Amino acid sequence: MGVTARRLWRWAVAVWVVLVAVAGGLTLWLRDAAEPRGPYVWERAGPTTAVPSPPEGWESACTTPTPNEDGPVDRLCVFSSR
């Protein structure tokens, strides 16, 4: 590498470092500006936000998994409240 190529490489690295620093600062500044200001409160959980229990007879509604050579397979059942 010649002297000019080395200088060009150093300039490229310096410009890249400055761009990364400016982009990071701009990202933090914009993120802070987008957050709402005001009192922070915990979300209150009540009986309306509880997870419903599965319907009656759900064991027979789901298919029985067939075990493979690694052992039993878990099963997933999806129920809709509509």
Side-chain angles (χ1 to χ4, degrees):
M1 263 197 202
V3 176
T4 56
R6 191 173 297 161
R7 274 191 197 155
L8 184 62
W9 179 251
R10 286 181 185 168
W11 272 100
V13 169
V15 167
W16 180 80
V17 167
V18 169
L19 283 175
V20 167
V22 169
L26 185 61
T27 300
L28 290 175
W29 179 60
L30 289 174
R31 186 185 70 183
D32 288 342
E35 291 180 0
R37 303 279 184 208
Y40 298 101
V41 295
W42 286 99
E43 186 176 324
R44 293 180 184 9
T48 58
T49 60
V51 177
S53 59
E56 294 294 324
W58 70 270
E59 294 93 352
S60 62
C62 294
T63 60
T64 305
T66 55
N68 59 17
E69 61 273 356
D70 295 332
V73 179
D74 292 335
R75 61 182 170 177
L76 172 67
C77 296
V78 179
F79 298 102
S80 176
S81 61
R82 292 184 182 184

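On a predicted model such as this, the values are computed, not experimentally measured, just so you know.
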- Residue list, side chain to side chain contact (heavy atoms under 4.5 Å, CB included) with V13, at least two apart or on another chain: W9, V17

- Task: List in chain and number order the residues that pass side chain to side chain contact (heavy atoms under 4.5 Å, CB included) with L26, two or more places apart in sequence or in another chain; answer none if no residue qualifies.
- Result: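 So L26 forms a side chain to side chain contact (heavy atoms under 4.5 Å, CB included) with W29, L30.
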
- Other hydrophobic cluster members with V22, side-chain heavy atoms of Ile/Leu/Val/Met/Phe/Trp/Tyr under 4.5 Å, chained?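 Noted: V22 shares its cluster with V18.
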
